[in-house]
Amino acid sequence: MWVYGTYGLSDAVAFDFRAGGATSNFITGPGIPTPQESFSGLQDIRAGLVWRVVDEVVSNGATVAFRAGAIIGGGYNTGYINSLGDGGSGVEVSALVGKFLSDSFAVSSEVGYRYRNNNIPANAFLKLAGGFVLGPGVGLSLHYMIDDSLSGLEIGGPGFSPDRFPELQEDIHLLGGSVSVPVSDRITIGAMYGKVVKGRNTAASNVLSVSVGFSFN
C-alpha cells in the first residue's frame, strides 16, 4: 500500500513524496500454501524536489526538469529472498524531458542515478513513456522502465550468501501499461499492469496495481 503526493511550491518547483507499508509471504513446496517466511513493515520513504527549467508551452520545444531526492530505508528485515527491500538510505538525481506531440499524445523520459549505503550497488535508471488522451480526463499510457545496478554480487557467485541479497547486481526491465478514469472533478481511479521482460538476479514478476488519486487547489 503506497501513498504518493505532489505539492507545487511555485510555478516551477514541486515537492513530491512516497511512503507506504507492505507484507511479503514466501511459499515453498508443490501444493503447500503455508508461508515459510512472512515479513511486514514500513517501505523505503522517498522525497524530492522537481525544478522545471523549460516549459514547452512558452518555449515551443520540450519541457525539461531536474529532480533531486532523498531515500530513507524502511524498517524491515533484509537478507531474505522475500525481504521488502534492500534496507538502504541514500540519494537520487534525474533529468526529465516530455512533450505533447499532439492534443492527445505525449511522450516523456527520465534518466537518473541512485546511490544508497549499506553496500547496496549504485543504480542507473531510465523510464520511457507514451501517453494518450482517449476522452475527457481518460488517459492511457505505455511505459518501459530499466533499473540497472552498476556493480554487485551474483546469486551463487563468489562471496554470495543469503544474507547478502541487498548487495546483488540486480537489473530489471519492466514493460507495462496503465489507464486512468476520472470519477469527479477531483478524483481519479487508475489501474496498471506490468511484466518483467528481462532481468538479472531478480524475479520474473507480473505486477498489478490499482490507485485512487485526489487533486486539490
Side-chain angles (χ1 to χ4, degrees), residues 1-20 42-74 85-118 120-133 137 139-150 170-178 180 182 185-188 190 192 194 209 211-217:
M1 178 70 72
W2 289 108
V3 176
Y4 297 84
T6 303
Y7 183 79
L9 301 176
S10 72
D11 184 56
V13 179
F15 168 77
D16 63 62
F17 73 91
R18 185 184 80 174
L42 181 68
Q43 286 279 55
D44 296 346
I45 298 173
R46 284 180 160 84
L49 289 174
V50 178
W51 175 37
R52 188 200 64 214
V53 294
V54 180
D55 187 342
E56 64 182 297
V57 175
V58 296
S59 70
N60 295 320
T63 296
V64 180
F66 296 100
R67 180 182 183 276
I71 305 166
I72 302 174
D86 292 327
S89 299
V91 295
E92 55 188 4
V93 293
S94 61
L96 304 93
V97 179
K99 182 172 177 60
F100 271 93
L101 301 180
S102 70
D103 291 339
S104 59
F105 177 64
V107 294
S108 65
S109 65
E110 180 180 12
V111 59
Y113 174 83
R114 180 182 303 116
Y115 169 83
R116 289 172 291 172
N117 60 3
N118 295 338
I120 300 171
N123 299 85
F125 57 90
L126 172 67
K127 301 176 184 178
L128 304 173
F132 303 86
V133 178
L140 175 68
S141 68
L142 300 174
H143 56 258
Y144 190 79
M145 296 182 291
I146 301 173
D147 203 318
D148 184 73
S149 293
L150 303 180
E170 187 175 4
D171 302 333
I172 301 173
H173 293 237
L174 180 71
L175 176 64
S178 64
S180 61
D185 291 341
R186 294 189 175 185
I187 300 175
T188 302
M192 186 278 287
S209 71
S211 62
V212 178
F214 177 77
S215 62
F216 57 93
N217 293 324

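The shown structure was predicted, so the numbers you read here are calculated from the model rather than taken from an experiment.
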Query raised in the report: So F216 and F214, would you call those rings parallel, tilted or perpendicular, with 30° and 60° as cut-offs?
Result: parallel
Query raised in the report: Just wondering, are more than 12 heavy atoms of other shown residues or ligands nearer than 6.0 Å to CZ in F100?
Result: no
Requested in this report: Count the heavy atoms of every other residue, nucleotide or ligand shown that sit under 6.0 Å from OH of Y115, and state whether that count exceeds 12.
Outcome: no
Query - Point-to-point distance, once rounded to the nearest 0.5 Å, from CG of D148 to CZ of F125 - result: 12.0 Å
Query raised in the report: Rounded to the nearest 0.5 Å, how far does CG of D171 lie from CG of D147?
Result: 8.0 Å
Report summary line: To the nearest 0.5 Å, atom CZ of R116 lies from atom CG of D44 at 7.0 Å
Query raised in the report: How far apart are the closest heavy atoms of G177 and L142, and which atoms are they?
Result: CA-CD2, 4.2 Å
Query raised in the report: Which atom names give the shortest non-hydrogen contact between S180 and T188, and what distance separates them?
Result: CB-CG2, 3.9 Å
Query raised in the report: If you measure from the Lys or Arg side-chain nitrogens to the Asp or Glu carboxylate oxygens, is any gap between E110 and R67 under 4.0 Å?
Result: no
Query - Inter-residue atom distance S209.OG - W2.CH2, 0.5 Å rounding - result: 12.0 Å
Query raised in the report: Which pair of heavy atoms, one from I45 and one from A19, lies closest together, and at what distance?
Result: CG1-CB, 4.2 Å
Query raised in the report: When you measure from the side chain of K127 to the backbone N and O of H143, does any donor-acceptor pair fall under 3.5 Å?
Result: no
Query raised in the report: Counting N and O atoms only, with roles assigned by atom type, does the side chain of D55 sit under 3.5 Å from a partner on the main chain of V57, one being a donor and the other an acceptor?
Result: yes
Query raised in the report: Hey, does Y144 have a side-chain heavy atom less than 4.5 Å from the side chain of L126?
Result: no
Query raised in the report: Taking T63 for the side chain and E56 for the main chain, is one N or O donor matched with an acceptor at less than 3.5 Å?
Result: yes
**Report entry** Straight-line distance of S149 OG to R114 CZ, nearest 0.5 Å
**Finding:** 9.0 Å
Query - Contact summary for G194 and L174, nearest pair of heavy atoms - result: C-CD1, 3.8 Å
Query raised in the report: Is there a side-chain contact between D11 and R52, using heavy atoms and a 4.5 Å cut-off?
Result: yes
Report task. Quick one: sort the F105 and F132 rings into parallel, tilted or perpendicular, breaks at 30° and 60°. Result -> tilted
Report task. Would you check, one step at a time, whether the test side chain to side chain contact (heavy atoms under 4.5 Å, CB included) holds for V111 with S109? Result -> CA-CA 7 Å; V111 59; S109 65; over 6 Å; no
Requested in this report: Spell out, as yes or no, whether a donor-acceptor pair under 3.5 Å connects the side chain of T6 to the backbone of D16.
Outcome: no
Report summary line: Residues L49 and V13: closest non-hydrogen pair is CD2-CG1, 4.4 Å
Report summary line: Distance col, row W51:CH2 vs F66:CZ, nearest 0.5 angstrom, shows 7.5 Å
Report summary line: Between A62 and V97, the two heavy atoms sitting closest are CB-CG1, 3.8 Å
Query raised in the report: Yes or no on side chain to side chain contact (heavy atoms under 4.5 Å, CB included) for V212 and I187, after CA distance, side-chain angles and deciding distance?
Result: CA-CA 7 Å; V212 178; I187 300 175; 4.1 Å; yes
